[in-house]
2 protein chains.
Amino acid sequence: MSPPRLTIGDFAQLTQLSRKTLRHYHEAGLLTPDQVDPASGYRYYSSAQIPTAQVIRRFRELGMPVPEVRSVLLAEVAERGELIAAHLARLEDQLLQTQSAVASLRRLLSPAPPAIEVRLRAAPAQVVAGIAADIDRAAVLAWYSGAMAELAALGVAEVGPCGGLYDNELFTDDHGQAMVYLAVERAPTVGRVRPIEVPAAELATTVHPGPHDDIDVTYGQLGAWVADQALALAGPVHEVYLVGPRDTPEESAWRTEIGWPVFRTAIGRPDGYPGGHD
Amino acid sequence: MSPPRLTIGDFAQLTQLSRKTLRHYHEAGLLTPDQVDPASGYRYYSSAQIPTAQVIRRFRELGMPVPEVRSVLLAEVAERGELIAAHLARLEDQLLQTQSAVASLRRLLSPAPPAIEVRLRAAPAQVVAGIAADIDRAAVLAWYSGAMAELAALGVAEVGPCGGLYDNELFTDDHGQAMVYLAVERAPTVGRVRPIEVPAAELATTVHPGPHDDIDVTYGQLGAWVADQALALAGPVHEVYLVGPRDTPEESAWRTEIGWPVFRTAIGRPDGYPGGHD
DNA sequence: GTTGACCTTCCCCCGGGGGGAGACTCGACA
DNA sequence: TGTCGAGTCTCCCCCCGGGGGAAGGTCAAC
């Protein structure tokens with residue numbers, strides 16, 4: 001006796017997936033019915049497909065995209081682990097992002113947003129030992145820690161704090177050029193490390209204390225200051241890690257200098273908009 | 001001197017939102033530019049809007065829908081807390097769901113899925129003290145604990161384990177009828193509690209041990225067994241909490257009987273599909 | 001044979017934007 | 001004052017992962 005065939009409705013009941021979703025998965029090649037009547041087009045599932053459907057449902061609940069679920073199902077057991085691990089890493093990233101968002105909101109919605117102190121200073125050009133790459137915004141954190149580890153492994157004597165340069169495109173287009181560096185006497189060429197010239201710039205700088213969860217708020221304050229001074233942004237933002245994870249695990253002790261290259265007489269017009277003469 | 005006007009590109013750079021997104025938020029009434037040139041249609045933002053844009057960005061990163069972000073921004077500080085708390089509760093739900101999905105996947109992908117023992121038994125009709133409601137699938141957990149608490153507060157002598165009935169529509173249509181009950185001598189009418197008759201049924205039952213994270217796997221195994229016996233599902237699923245949170249906080253000690261009402265000679269056809277004579 | 005529940009395809013809709021076309025505007029520089 | 005390139009405008013179609021519902025075909029029970 002062959003096992004009974006389940007109609008899409010029965011199968012939906014057993015797997016807690018909707019009929020619509022099952023049809024969608026059929027179309028997407030994710031879960032093909034055991035049999036399809038060529039005359040009527042009726043889909044028939046087998047009870048052996050229930051576990052598969054459940055696996056799919058659960059991966060989807062974890063936010064795994066449909067094509068990726070398919071490759072997990074098609075993959076051998078060996079690679080399967082990697083795919084799942086990769087997705088779990090993404091979930092962890094999301095969690096970190098959630099934590100940052102909460103910290104940032106706490107500061108943004110707090111009744112008294114403390115004012116920042118901005119200093120305008122001319123930064124001279126310097127040649128540093130840096131690692132540069134074209135990366136996606138989402139990958140910045142992972143890339144940063146990898147690059148910093150490689151720099152630290154150089155074992156070169158440092159003559160100043162380390163820092164980074166981040167293109168504005170990284171934020172507006174979701175990917176762009178990034179660079180982290182150590183200030184050293186003579187920059188070597190080892191692995192990804194190259195001697196890189198940080199060009200001279202007029203920087204509007206402020207110092208962000210503490211962990212970077214809410215650094216965007218400080219960025220915003222600095223940006224508002226720059227805009228209010230009728231200055232224009234001109235180039236990648238500079239970060240200098242005055243006190244960072246390399247110095248202390250105590251996050252509240254961190255101090256990060258943010259420097260935005262600016263030039264005068266460009267952004268907006270200080271006056272003259274019709275009717276805006278207040 | 002009036003503050004400079006920021007073009008959409010400048011503002012995008014300062015707030016790390018894309019131009020597309022800013023236009024979208026304008027259209028959605030979420031963030032209206034400080035000025036809009038009626039002739040050219042150009043949008044001009046002010047530096048004072050930077051914090052607002054950041055708040056929006058962060059709420060969006062937390063997955064808050066755009067209309068809800070708008071109401072948070074429009075709300076007075078007093079109600080704002082409630083809206084945010086409600087959203088944080090949703091985030092917590094998501095987290096629980098993620099945990100369940102991981103537990104369920106662990107069991108589904110484990111090499112040796114232990115077989116279940118199914119027992120077919122006739123359950124007699126009984127009148128119980130129950131709380132019934134038409135609810136959404138997502139709300140089941142919250143509703144369950146509330147209803148159970150109300151039942152426990154009755155202080156009535158129980159003559160058997162408590163349980164619940166859950167309509168299949170709850171799973172296929174995402175909302176439906178649910179009921180939880182205590183087995184008592186005489187069912188009172190207090191608050192939401194009513195005397196309810198649980199109708200007699202032929203049940204295919206099995207016992208799920210441990211917490212409910214992976215109970216869907218047991219459901220699937222039971223469903224596969226029922227389908228393979230050429231039985232049809234007939235009515236809401238019965239859950240009996242033989243050992244549950246009311247008995248012990250030790251989740252691994254929980255025992256939940258799942259009973260699916262079945263009737264014979266209905267689902268599928270045991271044989272005869274053209275070409276399927278294996 | 002009838003009937004009602006079930007199935008099929010098809011099309012449009014949602015949120016939250018992204019990509020790109022084609023046209024217009026801005027401001028800097030000559 | 002003209003020019004030119006970068007920036008902006010609107011408009012339309014696209015993505016995912018389905019949901020809602022219409023119009024019509026099928027299944028099996030009685």
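Order of the sequence lines sets the chain letters (A, B, ...), proteins ahead of strands, with each chain counted from 1. Since the model is a prediction, treat every value here as computed from it, not as a measurement.
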Engineer: Can you measure B:F59 atom CZ to C:dG16 atom C1' for me and round it to whole angstrom units?
Structural biologist: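 The answer, rounded to whole Å, is 18 Å.
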Engineer: Please give, in whole Å, the distance from D:dG18 P to A:H26 NE2?
Structural biologist: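 Going from A:H26 (NE2) to D:dG18 (P), I get 16 Å.
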Engineer: Counting only side-chain N and O atoms of B:Y25, is one of them less than 4.0 Å from OP1 or OP2 of C:dG16?
Structural biologist: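 Negative; the distance criterion is not met.
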Engineer: Identify each atom pair where a protein N or O and an N or O of nucleotides 11-14 of chain D are less than 3.5 Å apart, giving names and distance.
Structural biologist:
none

Engineer: Listed by chain and number, what are the salt bridge (charged side-chain N to carboxylate O under 4.0 Å, His left out) partners of A:R121, not counting sequence neighbours?
Structural biologist: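 Residues passing salt bridge (charged side-chain N to carboxylate O under 4.0 Å, His left out) with A:R121: A:E257.
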Engineer: Does the side chain of A:D34 reach to within under 4.5 Å of the side chain of A:F11, using non-hydrogen atoms?
Structural biologist: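 No, every pair of side-chain atoms sits at 4.5 Å or beyond.
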Engineer: Looking at DNA chain D, which of residues 63-70 of chain A put a heavy atom within less than 4.0 Å of it?
Structural biologist: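 Here the set is A:P65, A:V66, A:P67.
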Engineer: Once you round it to whole Å, what is the distance between P of D:dT10 and CZ of B:R23?
Structural biologist: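 Whole-Å distance recorded here is 7 Å.
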Engineer: Using a 3.5 Å cut-off and no angle test, enumerate the donor-acceptor pairs between side-chain atoms of residues 62-72 of chain B and protein atoms at least two apart in sequence or in another chain.
Structural biologist:
unit_1 : atom_1 : unit_2 : atom_2 : d
B:E68  : OE1    : B:R90  : NH2    : 3.1
B:E68  : OE2    : B:R90  : NH2    : 3.3
B:R70  : NH1    : B:A28  : O      : 2.8
B:S71  : OG     : B:P67  : O      : 3.3
B:S71  : OG     : B:E68  : O      : 2.9

Engineer: Starting the side chain at C-beta, find the nucleotide from D:dG18, D:dG7, C:dG17 nearest to A:H24.
Structural biologist: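 Looking only at side-chain atoms, A:H24 lies closest to D:dG18.
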Engineer: Any salt bridge (Lys or Arg N to Asp or Glu O under 4.0 Å) involving residues 45-66 of chain A? Give me the pairs, sequence neighbours left out, ordered by first then second residue.
Structural biologist: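 As it turns out, the salt bridge (Lys or Arg N to Asp or Glu O under 4.0 Å) pairs with a partner in residues 45-66 of chain A, which skip direct neighbours, are A:R57-A:E61, A:R57-B:D216, A:R58-A:E61, A:R58-B:D216.
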Engineer: Would you please name every residue forming a side-chain hydrogen bond (donor to acceptor under 3.5 Å, both in side chains) with A:Y166, sequence neighbours left out?
Structural biologist: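 Listed in chain order: A:Y241.
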Engineer: For the pair A:Y219 and A:W260, name the ring-plane relationship: parallel under 30°, tilted 30 to 60°, perpendicular over 60°.
Structural biologist: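 Ring orientation, 0 to 90° scale: perpendicular.
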Engineer: To the nearest angstrom, how far is B:L31 atom CG from C:dG17 atom P?
Structural biologist: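 The answer, rounded to whole Å, is 13 Å.
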Engineer: Can you list the residues that meet the side-chain hydrogen bond (donor to acceptor under 3.5 Å, both in side chains) rule with B:Y144, with sequence neighbours excluded?
Structural biologist: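 Here no residue qualifies.
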Engineer: Taking OH from A:Y44 and P from D:dT26, how many angstroms apart are they, rounded to a whole number?
Structural biologist: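 Rounded to the whole Å, the gap is 11 Å.
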Engineer: For a 4.5 angstrom cut-off between non-hydrogen side-chain atoms, does A:L109 reach B:I84?
Structural biologist: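 In short, these two side chains touch, coming nearer than 4.5 Å.
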Engineer: Is there a side-chain contact between B:S18 and the phosphate of C:dG18, meaning an N or O under 4.0 Å from OP1 or OP2?
Structural biologist: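 Answer is yes, contact under 4.0 Å.
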Engineer: Please state how far atom CD in A:E27 lies from atom C1' in C:dC10, giving the value in whole angstrom units.
Structural biologist: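 Rounded to the whole Å, the gap is 11 Å.
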Engineer: Would you classify B:R19 as touching base, sugar-phosphate or nothing, given that sugar-phosphate means primed atoms plus P, OP1 and OP2, and contacts are heavy atoms under 4.0 Å?
Structural biologist: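 Since only primed, P, OP1 and OP2 atoms lie under 4.0 Å of B:R19, the category is sugar-phosphate.
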Engineer: For the pair made of CG in A:D37 and P in D:dT26, what is the distance, rounded to whole Å?
Structural biologist: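 So the CG-P distance, A:D37 to D:dT26, works out to 9 Å.
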Engineer: Please identify each residue that fulfils side-chain hydrogen bond (donor to acceptor under 3.5 Å, both in side chains) with B:T218, with sequence neighbours left out.
Structural biologist: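 B:T218 satisfies side-chain hydrogen bond (donor to acceptor under 3.5 Å, both in side chains) with B:R107, B:H208 only.
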Engineer: With ring-ring contact (aromatic ring centres under 6.0 Å, His included) as the rule and sequence neighbours excluded, what pairs involving residues 13-35 of chain A come up?
Structural biologist: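 For residues 13-35 of chain A, and leaving out neighbouring residues, there are no ring-ring contact (aromatic ring centres under 6.0 Å, His included) pairs at all.
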Engineer: OP1 or OP2 of C:dG16 less than 4.0 angstrom from a side-chain nitrogen or oxygen of B:T21, does that happen here?
Structural biologist: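 Looking at the OP1 and OP2 atoms of C:dG16, neither is under 4.0 Å from any side-chain N or O of B:T21.
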Engineer: Nearest whole angstrom, please: distance from the C1' of D:dG17 to the CG of A:L30.
Structural biologist: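 The distance from CG of A:L30 to C1' of D:dG17 comes to 12 Å, rounded to the nearest Å.
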Engineer: Of B:G41 and A:R60, whose nearest nucleotide on DNA chain D comes first from the 5' end?
Structural biologist: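 With B:G41 and A:R60 compared, the 5'-side residue is B:G41.
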Engineer: Partners of B:E82 by side chain to side chain contact (heavy atoms under 4.5 Å, CB included), sequence neighbours excluded?
Structural biologist: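 Partners of B:E82 under the side chain to side chain contact (heavy atoms under 4.5 Å, CB included) test: none.
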Engineer: Is A:R43 near enough to C:dC7 that one of its side-chain N or O atoms lies under 4.0 angstrom from OP1 or OP2?
Structural biologist: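 Answer no for this pair, as no side-chain N or O of A:R43 is under 4.0 Å from OP1 or OP2.
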Engineer: Apply side-chain hydrogen bond (donor to acceptor under 3.5 Å, both in side chains) to A:D213 and list each qualifying residue two or more places apart in sequence or on a separate chain.
Structural biologist: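 Expected list: A:S100.
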Engineer: Name the pairs: protein N/O against N/O of nucleotides 23-25 of chain D, kept only if under 3.5 Å.
Structural biologist:
unit_1 : atom_1 : unit_2 : atom_2 : d
D:dG25 : N2     : A:Y42  : OH     : 2.7

